[in-house]
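Just the heavy atoms: all of them, side chains too, but no hydrogens, waters or symmetry mates, feed the values below.
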Amino acid sequence: MAAYEGKETGEQALLRKLFSHLQDGDILLGDANFENCFLLALLLQAKADVVFEKNGARHIDFRKCDQKLGSKDGLFKLTRPVRPEWMSQELYDQMPAELVIRAVKNKRSTIITTLLDAEEYPRTEIIALYLKRWCHSFRRCWEHRVAGWNRKSLICWTS
């Protein structure tokens, strides 16, 4: 349980408080609320990967990807945006100027991930993993072994 009103009590702020508990090989699974350049960079620094739905504000055009990996599957470079209020200048200066992400698409959703290797993490498996997020009715973190992938755990965060 956590406070839910006031500064630094939103879902992203609460997720940032969990960073110290992440382990190398963890995969975070979440909705579009969590897909932003700074959270992606911070999670990569914590050695965790992500599978998030694309944020509605982000435009993804597969015809203009930096590297095409397959049909509706490509790598894109994100440029560091302006510093948000919650971030210190020191932390902002440590953020990468560019970040490479992978976007995969099915009929309804575009999924953003830091799992960049298309052979190790096929597009269809990333989509299936994301869709599993919706099969659970609870709204807190959970851990699960990811069969076939060399990963320790999967952490799901729903808003």
| request: Kindly determine whether Glu35 and Leu39 satisfy side-chain contact (heavy atoms from CB on, under 4.5 Å), including the steps that lead there. | output: CA-CA 7 Å; Glu35 190 270 303; Leu39 275 177; over 6 Å; no
| Below 4.5 Å, heavy atoms only, C-beta onward: do Leu78 and Arg58 meet side chain to side chain? | yes
| Over 12 foreign heavy atoms within 6.0 Å of CD, Gln89 | yes
| field | Approximate separation, where rounding is to 0.5 Å, of Ile127 CD1 and Arg108 CZ | value | 12.5 Å
| message | With side chain to side chain contact (heavy atoms under 4.5 Å, CB included) as the test, pick out the partner of Asp49 among Leu43, Leu40, Leu44, Asp24. | response | Leu44
| field | Side-chain touch Thr79/Lys77, heavy atoms, less than 4.5 angstrom | value | no
| message | Please tell me whether Ile112 and Phe76 are part of a single hydrophobic cluster in this structure, the criterion being side-chain heavy atoms less than 4.5 Å apart. | response | yes
| said: Same cluster or not: Tyr121 versus Leu116, using hydrophobic residues (I, L, V, M, F, W, Y) connected whenever any side-chain heavy atoms lie under 4.5 Å apart? | reply: no
| In Å and rounded to the nearest 0.5 Å, what is the CG to CG distance from Asn55 to Asp31? | 10.0 Å
| field | Backbone N/O of Tyr92 and side chain of Arg80: donor-acceptor pair under 3.5 Å | value | yes
| query | Quick one: does Lys107's side chain get under 4.5 Å of Lys72's, heavy atoms only? | reply | no
| Are Leu115 and Ile111 joined in one hydrophobic group, where the rule is that I, L, V, M, F, W and Y side chains link up if heavy atoms are under 4.5 Å apart? | yes
| request: Enter the distance from Gln45:CD to Gln94:CD here, rounded to the nearest 0.5 Å. | output: 7.0 Å
| Is there a donor-acceptor pair closer than 3.5 Å between any side-chain N or O of Thr114 and the backbone N or O of Val50? | yes
| Taking atom NZ of Lys68 as the centre, does the number of heavy atoms from other residues, nucleotides or ligands within less than 6.0 Å exceed 12? | yes
| Excluding sequence neighbours, so at least two apart, what forms salt bridge (Lys or Arg N to Asp or Glu O under 4.0 Å) with Arg83? | none
| request: Answer whether the closest heavy-atom distance between the side chains of Leu28 and Phe52 falls below 4.5 Å. | output: yes
| Under 4.5 Å between side-chain heavy atoms, hopping through other hydrophobics if needed: is there a path connecting Val100 to Leu42? | no
| message | With heavy-atom distances below 4.5 Å as the criterion, would you say the side chains of Ser71 and Phe62 are in contact? | response | no
| Whether Arg102 side chain and Thr113 backbone form a donor-acceptor pair below 3.5 Å | no
| Just wondering, do Ile126 and Asp73 contact through their side chains at under 4.5 Å, heavy atoms? | no
| task | Indicate if Ile101 and Leu75 have the same hydrophobic cluster label, given that clusters are the connected sets of ILVMFWY residues with side-chain heavy-atom separations under 4.5 angstrom. | result | no
| task | Looking only at non-hydrogen atoms, find the nearest pair between Phe38 and Pro84 and report the distance. | result | CE1-CD, 3.3 Å
